[in-house]
Amino acid sequence: MRIRRLDPAAAAGCAALEAEVFAGESPWSEAAFAAELAHPGNLYLGVLDEAEPTRVLAYAGIARRGPAAAPEYEIHTIAVAPALRGAGLGRRLMEGLLAAADEAPGEVFLEVRVGNAPAIGLYESLGFTRLGRRRGYYGPGGPDAWTMRRAPAG
Ligand SMILES: CC(C)(COP(=O)(O)OP(=O)(O)OC[C@H]1O[C@@H](n2cnc3c(N)ncnc32)[C@H](O)[C@@H]1OP(=O)(O)O)[C@@H](O)C(=O)NCCC(=O)NCCS
């Protein structure tokens with residue numbers, strides 16, 4: 001599966017996969033993805049269906065913020081189509097984002113639902129550790145999140 005950089009043309013495909021993966025969890029709209037994919041501080045990597053290139057099979061995105069001399073990063077999202085999970089694709093996408101961040105090293109942060117064992121396992125295996133628990137991060141009465149951090153490379 002070829003991992004490529006995604007541009008705003010992939011917004012509809014990302015939103016379709018998002019609606020499938022995050023149903024009932026306020027999935028991002030096509031407009032939200034269009035803005036994410038167009039933002040100059042963001043890097044999105046993903047996999048397109050070779051037979052139907054408007055279809056997105058996996059995506060992951062990272063945002064860079066702060067001054068150029070001391071950047072910080074935030075993993076914004078990652079999703080792999082259910083049928084393709086467990087084959088190393090999520091790891092490859094994360095490794096691609098982290099390699100890009102490591103070109104100008106800085107701390108990398110993310111939030112993850114406390115019960116999301118596959119994602120937490122992936123992040124821990126890549127050097128993220130739990131910083132703290134954020135109550136109701138996904139809205140009133142919703143689940144808590146772990147904030148996780150990966151130290152700068154080098
Ligand atoms: C999290 C997600 C992206 C992982 O993608 P994937 O392609 O299945 O992951 P990989 O096959 O690359 O697995 C990488 C690591 O994740 C962890 N992992 C994957 N599936 C797991 C599971 N069911 N239980 C526990 N850990 C798991 C393991 O550490 C695994 O490493 P290993 O293969 O060396 O054991 C995928 O499960 C997904 O899309 N989930 C729904 C969306 C989501 O929750 N996104 C995160 C929001 S913060």
Side-chain angles (χ1 to χ4, degrees), residues 1-7 10-37 39 41-65 72-102 106-153:
M1 298 242 160
R2 182 155 97 75
I3 291 179
R4 65 182 84 210
R5 183 167 189 164
L6 299 181
D7 65 23
C14 287
L17 177 57
E18 169 98 358
E20 181 185 356
V21 170
F22 295 105
E25 296 178 52
S26 307
W28 288 1
S29 64
E30 179 179 342
F33 272 105
E36 277 285 299
L37 292 163
H39 195 288
N42 293 354
L43 170 66
Y44 271 75
L45 300 177
V47 175
L48 306 181
D49 186 336
E50 298 294 337
E52 197 187 327
T54 53
R55 200 162 156 239
V56 174
L57 301 176
Y59 59 75
I62 192 169
R64 177 180 169 146
R65 61 188 185 213
E72 247 183 45
Y73 301 88
E74 172 93 19
I75 301 292
H76 271 190
T77 184
I78 179 169
V80 172
L84 299 177
R85 289 184 193 160
L89 198 47
R91 180 180 300 284
R92 285 173 59 205
L93 288 170
M94 282 295 296
E95 285 174 349
L97 297 183
L98 294 173
D102 288 345
E107 294 177 291
V108 186
F109 296 93
L110 61 81
E111 268 79 33
V112 58
R113 204 163 30 81
V114 292
N116 192 344
I120 293 169
L122 171 61
Y123 301 145
E124 286 182 335
S125 76
L126 291 166
F128 285 86
T129 56
R130 293 171 212 205
L131 262 190
R133 186 165 176 142
R134 299 183 65 167
R135 305 265 164 214
Y137 179 75
Y138 297 97
D144 295 350
W146 292 115
T147 294
M148 301 186 79
R149 170 188 178 270
R150 174 180 176 267

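Counting starts at 1 for both ligands and their atoms, in listed order. Quick note: numbers below take in every heavy atom, side chains included, and nothing from hydrogens, waters or symmetry partners. Starting from 1, each residue takes its place in the sequence as its number.
Side-chain contact, E36 with Y44: a donor N or O sits under 3.5 Å from an acceptor N or O.
Using a distance-only test at 3.5 Å, with no hydrogens or angles considered, a donor-acceptor pair links the side chain of R85 to the main chain of V80. Without hydrogens or angle criteria, R134 side chain to E111 main chain gives no donor-acceptor distance under 3.5 Å.
In terms of heavy atoms, F128 sits closest to V108 at CE2-O, 3.5 Å.
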With the criterion set at N/O pairs under 3.5 Å, what does the list of contacts between the protein and ligand 1 look like, atom names and distances included?
residue  : atom   : partner : partner atom : Å
ligand 1 : 7 (O)  : G90     : N            : 2.8
ligand 1 : 8 (O)  : G86     : N            : 2.8
ligand 1 : 11 (O) : G86     : N            : 3.4
ligand 1 : 11 (O) : A87     : N            : 3.2
ligand 1 : 11 (O) : G88     : N            : 2.8
ligand 1 : 12 (O) : G90     : N            : 3.3
ligand 1 : 12 (O) : R91     : N            : 2.8
ligand 1 : 29 (O) : G121    : O            : 3.3
ligand 1 : 31 (O) : R91     : NH2          : 2.7
ligand 1 : 34 (O) : R91     : NH2          : 3.1
ligand 1 : 39 (O) : V80     : N            : 2.8
ligand 1 : 39 (O) : V80     : O            : 3.4
ligand 1 : 39 (O) : R85     : NE           : 3.4
ligand 1 : 44 (O) : N116    : ND2          : 2.7
ligand 1 : 45 (N) : I78     : O            : 2.9

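Put simply, the side chain of L97 does not reach to within 4.5 Å of the side chain of Y73, judged on heavy atoms.
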Inset, instruction - For the pair Y59 and E18, evaluate side chain to side chain donor-acceptor pair (under 3.5 Å) and give the outcome as yes or no after the intermediate values. - result: CA-CA 9 Å; Y59 59 75; E18 169 98 358; 2.4 Å; yes

